[in-house]
Amino acid sequence: PMAVTDFQVIPAVDGTAEAVLRFVCPVKSNDGKDLQRLSKVEILRDNVCIHTFSEVSPGEALEYSDREVPNGNHLYRVIAWSEAGKGAENTCQTFVGQDFPLAPQNVRLADLGGTLRLTWEAPGSVGINGHYVHVDGLEYTVYTSSYSGILTPYAEVKGAKSIDITDAFAAGAQQMVYFVVRAKSPAGEGDRASSNSLIGGAPYQLPFLESFPNGTYPETFWMSQGYNPFRLANNISYNADGGCMGWKSNGFDHEGWMSSGKICLKDASSPYLIFAYYALPGEEMLLKTSVIQHDGTETIADILDFGNLEGEEGWRVHKVDLSTFTDQPFVLLQLHAAGTDILTPLYIDHIRVEDIMERNLRISSLEVPAEVHTQHPAHCYARVENAGRTDVEDYTVRFFVNDVQVGEVAGKDLAAFEGERCGFDYLPQVSLEGTADRTVRAEVVCDADGKAGDNFSALHTLRVTVP
């Protein structure tokens, strides 16, 4: 027999795994003679016979419903048989079932304060290859991604287009976070879509402090990107810890910025940002402080114009009132530098965010040598900071070894938010015990101090050896 005619394969329009086949049986044999009868007509899908019509009349229109078809592309063949044998075949290739879905739309990651919420919209009903996708039946896989783009499954989501994230991504250490979402149909996973990135993790509580010791990467989260970012420096320091952050124009990019992680100001009555900067009076340089609120709104809270500064160059302390932002779950603090002189750097150090009291002195650090010989002085330095809003004129720094006071020094007048390094030489006496470890600490004493809990330094160990 000749091949069947009017052959059609019509897949289900709703993505169901079935197709309807229609065709008309041949009426002529290959030599052009009329056929009297057909012994059978076979239907094959991908070289496997799935149905046979027996005792078929020439010219008869037939229809067959192929059910439970595997999802994907299939080659259908129809072959008519007569007493003379196998006839010519007619073929039709078609897609049955659902297509691979396109990427989800509008993938958004939001910080709700303690919870991250990832949301997305379904892709359309037309898939990657132009075929049908049953949108309401899609499942989704949420992935984390490495810097090199390697995906790691994070969560499977069925019957929803959102997920709340409450684990370490939301409540652990701060880090940049984003997620990838892929939709999945019976055909498999489709294209990927990435969310926006944001800072995940728990906000820092007050008091917040970062001073970039020794010019090393800080433990707290900071960002400084772009063509001319802020950089760590170890050649200068405000508080004698060997490090700070620096920036200067590179001749092409005359601006740079650095931004903190999330800082919580809630329940603070008088929060301030306080930082040290190296003043260069008269220099054409600006340092802007912006506050980025929970909803992304950016407010310029302060502009420090070096051109308006007077006096000698050197370290100074600057403060910015943050009391209008205490209703926010958290804020980000951004320092934006601008200048054109490629030879003039801007240095920032000892960044603090605190709920300021009227009067509060504290010991912020204590420097003690690791080892000293008897009858040789151990040079100890306690850094005293005025963390209150009023100047302090009369205070004393006491030094203790093994909890016994060994000396004290009178402190210099301290303006609000300023600091002073107070030194004392401890002379260990000869002892019969030979080499021994001794504990050293310092205390600041001031009348009407508002917070006694920070008057003592941490304990430091000094090894005293016999020459």
Side-chain angles (χ1 to χ4, degrees), residues 103-123 135-136 138-147 151-184 192-208 210 218-225 257-269 271 273 289-301 320 322-335 351 353-355:
Q105 302 297 303
N106 297 323
V107 183
R108 299 297 300 170
L109 183 63
D111 193 329
L112 305 183
T115 299
L116 301 181
R117 177 165 293 170
L118 182 67
T119 59
W120 60 89
E121 297 174 7
V135 174
D136 292 340
L138 290 175
E139 300 176 0
Y140 299 91
T141 303
V142 178
Y143 295 89
T144 58
S145 178
S146 67
Y147 288 110
L151 300 183
T152 301
Y154 177 76
E156 300 287 338
V157 181
K158 299 179 181 179
K161 292 184 283 295
S162 67
I163 182 176
D164 283 350
I165 299 163
T166 58
D167 58 10
F169 287 113
Q174 293 190 36
Q175 59 180 315
M176 290 302 299
V177 175
Y178 78 96
F179 292 90
V180 172
V181 183
R182 300 176 74 179
K184 182 168 58 178
R192 65 175 66 181
S194 299
S195 74
N196 56 299
S197 59
L198 52 73
I199 303 174
Y204 299 120
Q205 303 297 313
L206 302 188
F208 172 84
E210 184 55 66
E219 295 184 1
T220 55
F221 182 91
W222 291 87
M223 294 183 296
S224 186
Q225 299 173 333
W257 60 268
M258 60 182 288
S259 180
S260 73
K262 300 185 293 186
I263 301 174
C264 179
L265 305 179
K266 292 180 72 66
D267 301 325
S269 58
L273 165 66
T289 300
S290 295
V291 179
I292 302 175
Q293 301 178 54
H294 173 243
D295 64 359
T297 301
E298 181 175 343
T299 302
I300 297 178
V320 180
L322 303 176
S323 58
T324 59
F325 304 100
T326 56
D327 60 337
Q328 297 293 308
F330 60 81
V331 297
L332 309 180
L333 302 178
Q334 187 175 101
L335 298 174
I351 300 174
V353 182
E354 300 187 61
D355 194 3

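Bear in mind that the values here come from a model prediction, so they are computed numbers and not experimental data.
Here the OG1-OH distance, from Thr144 to Tyr178, works out to 9.0 Å after rounding to the nearest 0.5 Å. For the atom pair CG of Leu335 and CG of Leu273, the computed distance is 6.5 Å after rounding to the nearest 0.5 Å. With values rounded to the nearest 0.5 angstrom, Ser290 atom OG is found 5.0 Å from Ile300 atom CD1. Rounded to the nearest 0.5 Å, atoms OH (Tyr140) and CG (Leu118) are 12.0 Å apart. Considering CD of Glu139 and CZ of Arg182, their distance stands at 14.0 Å, rounded to 0.5 Å. Here CD1 of Ile165 is found 10.5 Å from CZ of Arg117. Values are rounded to the nearest 0.5 Å.
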Working note: Glu354 + Leu206, criterion side chain to side chain contact (heavy atoms under 4.5 Å, CB included); need CA distance, chi angles, decisive distance, verdict.
CA-CA 6 Å; Glu354 300 187 61; Leu206 302 188; 5.9 Å; no
List the steps and the verdict of side chain to side chain contact (heavy atoms under 4.5 Å, CB included) for Ile199 and Met223.
CA-CA 10 Å; Ile199 303 174; Met223 294 183 296; 3.9 Å; yes
Given the rule in the side chain to side chain contact (heavy atoms under 4.5 Å, CB included) test, do Gln328 and Thr297 qualify, once you have shown the distances and angles that lead to the verdict?
CA-CA 11 Å; Gln328 297 293 308; Thr297 301; over 6 Å; no
Would Val181 and Ser195 satisfy side chain to side chain contact (heavy atoms under 4.5 Å, CB included), going step by step from the backbone distance to the final call?
CA-CA 8 Å; Val181 183; Ser195 74; over 6 Å; no
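In this pair, Phe169 and Phe179 present their aromatic rings perpendicular. The plane angle is above 60°, beyond the 30 to 60° band. Between Trp222 and Phe208, the two ring planes are tilted [angle within 30° to 60°].
By the 4.5 Å heavy-atom criterion applied to side chains, Phe221 and Lys262 are not counted as neighbours. Side-chain contact check for Ser224 versus Ser259: every heavy-atom pair is 4.5 Å or farther apart. Side-chain contact between Thr326 and Pro271 is present, with at least one heavy-atom pair separated by less than 4.5 Å. You'll find the side chain of Ile263 stays beyond 4.5 Å of the side chain of Pro203, heavy atoms only.
Looking at Gln174, its side chain never comes within 3.5 Å of a backbone N or O of Gly172 through a donor-acceptor pair. Side-chain atoms of Lys184 never come within 3.5 Å of backbone atoms of Thr141 as a donor-acceptor pair (strictly under, hydrogens ignored). Judged by distance alone, with hydrogens and angles left aside, the side-chain atoms of Ser197 form no donor-acceptor pair with the main-chain N or O of Val177 at under 3.5 Å.
Pro104 approaches Pro123 most closely through the heavy-atom pair CA-CD, 4.1 Å. Residue Val135 comes nearest to Ala122 through the heavy atom pair CG1-CB, 3.4 Å, listed as atom of the first residue, atom of the second, then distance. When all heavy atoms of Gly113 and His294 are compared, the pair lying nearest together is N-NE2, 4.4 Å. Looking at every heavy atom in both residues, Gly261 comes nearest to Tyr204 through CA-CE1, 4.4 Å. Here the closest heavy-atom approach between residue Ala103 and residue Arg192 is recorded as CB-O, 3.4 Å. Residues Thr119 and Ser162 approach most closely at CG2-CB, 3.8 Å, considering heavy atoms.
Among Leu109, Ile163, Asn106, the single residue meeting the side-chain contact (heavy atoms from CB on, under 4.5 Å) criterion with Trp120 is Ile163. Of the listed residues (Leu333, Thr289, Val331), just one forms a side-chain contact (heavy atoms from CB on, under 4.5 Å) with Leu322, and that residue is Leu333.
By the neighbour-count criterion of 12 heavy atoms within 6.0 Å, atom CG of Asp267 is sparsely surrounded, having that number or fewer from other residues, nucleotides or ligands.
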